[in-house]
Amino acid sequence: MATVTRETLVATLEEIALLLELKGANPFKTRAYRQGAEIVQNFDGDIVELAANDELKGIKGFGAALQQKLHELASTGQLEYYNDLKAEFPETLFELFELQGLGPKKIKALYDKLNVDSIDALKKACESGSIAELSGFGAKSVEKILSSIANREKFADRFRLGDVAPLAETLLDRLRDHPKVSRSAIAGSYRRSKETLHDLDFLVATSEPAELTDFFANFPEVHEVIANGDTKASIRLENGLQCDLRAVSNDHFPFALQYFSGSKEHNVALRALALKQGLSLNEYDFTPSGETAVPEVSEEKDIYAALGLQWVPPELRENRGEIEAADKGELPELIELENLRGTFHNHTIASDGKNTLSEMADAAREHGLQYLGIADHSKASFQANGLDEERLLNQAKEIKSFNADSDDFTLLAGTEVDILKDGSLDFSDEILGQLDYCVASVHNAFTLDEETMTKRLIRAMENEHVTMLGHLTGRLLLKRDPYQVNIEKIIDCAAETRTVIELNCNPWRLDMDWRWWHKARDKGVLCSINPDAHATEQLQFLAYGVRLARKGWLQRQDVVNCRPINEILKWLSVPKDKRS
DNA sequence: GCCGTTTTCGGCCCGACTGTTTTCAGTCG
């Protein structure tokens with residue numbers, strides 16, 4: 001039997017939802033499966049084991065039917081109900097759902113009437129003219145379908161946060177500067193600081209909404225206008241990124257901002273809470289259902305206050321306990337970029353960086369930091385010009401002499417030592433003992449199985465010289481999957497051995513993933529927010545790290561590099577197993 | 001298919017935009 005993972009469960013439930021839609025099933029039934037997938041995805045714990053042991057009872061959203069199906073799937077690797085459904089449609093039909101403008105109804109019509117069962121077949125049907133004759137379809141439909149097919153071939157579906165942030169801010173500035181705009185914001189997953197995005201959601205408060213949607217639809221970066229109405233427009237930029245604009249009145253702005261910031265799950269929970277209090281909440285207003293007085297709202301925080309909640313920072317709005325915490329007044333005071341005092345994982349020209357020690361130090365000082373840790377690659381990373389023992393110790397000497405001449409800034413002598421295949425390190429304890437600290441990372445043999453990889457990392461963490469673990473899973477967002485490792489066990493081991501876990505801020509990594517930090521923090525694991533900077537300008541990655549740390553519920557006391565230099569030196573001088 | 005401090009049955013978010021309609025269905029968020 002193939003290994004059943006969380007992803008298996010999620011994908012199967014989502015596919016069942018699609019299949020049910022194709023069959024024209026009760027839309028609420030479809031939604032139950034889709035929500036089930038969402039619950040599995042976000043579940044805090046080993047959902048696969050619970051399902052295998054038939055212990056899902058009591059989890060909200062899983063009734064008898066979903067419990068049984070998840071149990072069958074997790075325990076046998078097969079699901080009869082799913083297999084039967086799947087047999088009713090050709091495999092390639094699902095590609096069609098990736099096209100913008102095509103949903104279950106149209107796909108079913110194309111399949112039933114024209115036997116269109118793949119994107120290739122769809123393209124041919126468009127070109128032959130048969131689609132335009134189908135009821136519900138016309139010349140414009142054909143044009144749109146062909147454009148969707150072209151877009152799918154040409155553009156990515158998702159984008160990294162760090163790749164879109166500069167453009168996002170540029171477009172926001174342009175909207176903000178429009179004379180008819182009084183308030184503006186980017187909502188959606190960008191505001192929630194998700195590590196990858198599907199689109200950007202812009203929002204403006206204006207008395208002239210149609211003028212703004214036109215303004216937006218005529219941005220010079222526009223590749224195509226997907227829609228342009230009186231209050232809403234959708235464009236695709238030259239780089240393929242879809243951007244939506246909503247133009248609302250100033251009174252509606254706080255509601256629209258709350259609504260379009262999401263997440264969907266957070267909003268569903270919030271609206272349910274509002275209903276209990278006699279208020280219906282939508283993207284424009286509160287509407288009282290009975291005698292309830294309508295609360296005064298001029299800012300987004302007024303909406304939360306009206307429901308008896310603390311204002312929930314957007315990063316936390318994933319329906320992972322934030323509403324309950326806000327209700328009790330127990331939301332964390334999240335870390336801010338200004339709280340950082342230094343950072344540990346950075347490179348110089350000694351290995352594969354672009355700047356010298358002193359250039360990196362100057363740049364860090366300009367960022368308002370008191371200290372910078374230098375952690376160049378070790379010799380096993382020959383592709384990155386890793387340092388051998390002699391070069392490493394020479395660099396440490398150079399750092400010492402830099403510090404002797406500097407009274408307001410400190411460099412720390414470290415290394416990013418390779419964790420070798422068997423979990424041993426690329427430098428001896430004798431060498432590591434001469435450094436201020438050590439980041440240990442995996443840079444090769446990514447394909448070990450989960451158990452072997454987990455043991456490998458644990459062996460490294462058990463070394464007294466390993467201060468912290470670098471980029472835990474090796475993932476490159478939208479490019480390379482994380483390697484197989486049992487993160488739960490790594491967190492437990494980090495807590496036990498007092499090993500810090502890095503939050504690598506490189507926008508391609510953002511690793512360890514934000515979804516684990518809350519749990520790690522609860523177990524007493526410290527985080528280090530590290531830019532993994534290979535050039536001075538990459539110290540700016542710290543901002544992304546802080547955004548993701550906030551998303552992981554971290555406060556300044558959870559992040560070791562919020563501590564000032566004197567505390568850091570003291571902390572490093574204490575034996576690792578005694579550090580707190 | 002799920003849920004319940006109004007309900008174990010009857011609800012389940014809904015508004016904007018487009019295209020193909022001649023008053024609305026489908027898609028999207």
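Here the structure is a predicted model, which is why all the values come from computation and not from measurement.
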Using the benzene-type ring in the case of Trp, are the ring centres of F155(A) and H223(A) under 6.0 Å apart?
yes
N or O in side chain of Q242(A) less than 4.0 angstrom from dC28(B) OP1/OP2
no
Looking at R191(A) and E300(A), is there a salt bridge between them, counting it only when a charged N and a carboxylate O are closer than 4.0 Å?
yes
So which protein nitrogen or oxygen atoms get under 3.5 Å of nucleotides 6-11 of chain B's nitrogens or oxygens?
none

Set of residues satisfying salt bridge (charged side-chain N to carboxylate O under 4.0 Å, His left out) with respect to E143(A), sequence neighbours excluded
none
Sequence neighbours left out, what pairs pass ring-ring contact (aromatic ring centres under 6.0 Å, His included) with at least one residue falling in residues 7-42 of chain A?
none
Using a cut-off of strictly less than 4.0 Å, decide whether T231(A) has a side-chain nitrogen or oxygen near OP1 or OP2 of dC17(B).
yes
Does dA16(B) have OP1 or OP2 sitting under 4.0 Å from an N or O in the side chain of Y284(A)?
yes
Solution key, residues 199-216 of chain A side-chain donor-acceptor pairs under 3.5 Å, sequence neighbours excluded:
from, atom 1, to, atom 2, distance (Å)
T206(A), OG1, K180(A), O, 2.8
T206(A), OG1, E208(A), N, 2.9
E211(A), OE1, K180(A), NZ, 3.0
T213(A), OG1, A210(A), O, 3.0
T213(A), OG1, N228(A), OD1, 3.3
T213(A), OG1, G229(A), O, 2.9
D214(A), OD1, N228(A), ND2, 3.0

Tell me which donor-acceptor pairs under 3.5 Å the side chains of residues 106-113 of chain A have, and how far apart each pair is, sequence neighbours excluded?
from, atom 1, to, atom 2, distance (Å)
K108(A), NZ, D112(A), OD2, 2.8

Would F89(A) and F94(A) count as a close aromatic pair, with their ring centres under 6.0 Å?
no
Reckon Q100(A) touches a base, only the sugar-phosphate, or nothing at all at heavy-atom distances under 4.0 Å?
sugar-phosphate
Distance check: side-chain N/O of R246(A) vs OP1/OP2 of dG29(B), anything under 4.0 Å?
no
Give every pair of a protein N or O atom and an N or O atom of nucleotides 24-26 of chain B that lie under 3.5 Å apart, one pair per line with the distance.
none

